[in-house]
Amino acid sequence: MNTCELIIKKRNGGVLTESEIGYLIGGYVSGEIPDYQISALLMAIYFRGMNDAETLYLTREMIKSGDTLDLSAISGVKVDKHSTGGVGDKTSLVLCPLLAASGVKLAKMSGRGLGHTGGTIDKLESFPGFSTGIDGERFIQQVDKIGFAIAGQTKRLVPADKMLYALRDVTGTVDIIPLIVSSIMSKKLASGADIIALDVKCGSGAFMKSFEDAKTLAEKMVAVGKGAGKKTFAVISDMDEPLGCAVGNALEVKEAIDTLRGEGPAELHELCMELAGEVLLSAGICQTEREAEESLLKSLSDGSALRKLAEMVKAQGGDERAVFDTSLLPKAPVTHELISTQTGFVESINAEGVGRVCIHLGGGRMTKDSKIDLSVGVVLHKKVGDCVSAGESIATIHAADAASAAEAERLLTECYRLGDKRSEKSGIVRAVIK
Ligand code: URA
């Protein structure tokens, strides 16, 4: 086969065959096909798209590029969860212990934050001593014993995605549905779980800005998961404003703990209940929505979900006392209130902009190697639809110093739009695709 001819075929709107996609991915991972040719191919895919069969072949070839996890040593139903990424998204920190307390096993591989979106691995490192680099056997044993483990992705799991994602990131080819489907689903399928729960974010802070695109992405991922014999569902959730109030690593861990105590933001609670309820039904642990809801509420009210988080933190070398005393989490030296100069209603909050404020404060990274400050970020006191009076605090900025707090104040002010009328707010769960 000839790589250039295949690029031209796609550029001209042709459909690549299974063996052609196998040749391209195999050649790229082995180093025979250079970055510049794959960059051209990605751009051709960006403009010409891929049909469902091509997307499935690409997903399969990406899985073949590395190892797959064997979870058969873990008893019970194994679940994996993935979010397409957003701002203030601490869902996994609530969902995993909540489900583990109900007897579900979660073997979760997570990523670090990149760009304006945060990553679960960074957030968990807010627990002093916490390690996300646990190896295969320890990982499996922990999931079996405690019910869940959250680790960074190993180098050998879908190496093709690592290479392709790095290239997409610098060639303007991230936000294209077939490439997102194959990137996410190859990792989920290689991770070996029986049930795949997907949280597809939709809105200004997400890759998918429109509901239609989010729905298409969700439907295609669910189809690939089911085609591979896995129970798969997707919740489409709102990311037009940050999820909850806290944005920033340790601040989000605190908010997740508050939610496990039953004292978190209503929308975060609602999203976690929806995702967890669907998992309990898919796993056959509960037979009705009502039974699932009662079981989950019990795990929150009797403290068993919170204790599961502490068990996991301890097993991964972290200081579990911080689960019960959040003052032990990293704390920024400077706090600064963003005071409203106007009276009105919050019409919109630019979620991506808030993510960028967090990067400015040092809480997010622009390159994979940047070092981040786990203590910084913002806590929003006013969300869309809330009434604000002049002189009232809209948000608290947590910063390393006064200069970065002042610049964050300027940037955060630009993220808020106030108006005269109360905006209609759609619920956090926009749709469920099964
Ligand atoms: N998350 C992924 O893992 N891959 C994508 O392509 C987009 C979001």
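We count ligands from 1, going down the list as the structure has it; atoms in each ligand are counted the same way.
- Annotation: Lys187 places an N or O atom under 3.5 Å from an N or O atom of ligand 1; distance criterion only.
- Of all atoms in ligand 1, listed by their number and element, those nearer than 4.0 Å to a heavy atom of Ser183 are 2 (C), 3 (O), 4 (N), 5 (C), 6 (O).
- Pairing each heavy atom of Val181 with each of Thr55, the nearest pair is CG1-CG2, 3.7 Å.
- Under a 4.0 Å N-O distance rule, the pair Glu414/Arg410 qualifies as a salt bridge.
- For the pair Asp386 (side chain) and Lys383 (backbone), a donor-acceptor distance under 3.5 Å is present.
- At least one N or O atom of Arg168 sits closer than 3.5 Å to an N or O atom of ligand 1.
- Listed for the Lys308 side chain is a donor-acceptor partner under 3.5 Å among the backbone atoms of Ile146.
- A distance of 10.0 Å separates CG in Leu164 from CG in Leu24, rounded to the nearest 0.5 Å.
- Residue, atom and distance of the protein heavy atom nearest to atom 8 (C) of ligand 1 are Phe207 CE1, 3.7 Å.
- Polar contact with ligand 1: absent for Tyr165 (N/O pair, distance under 3.5 Å).
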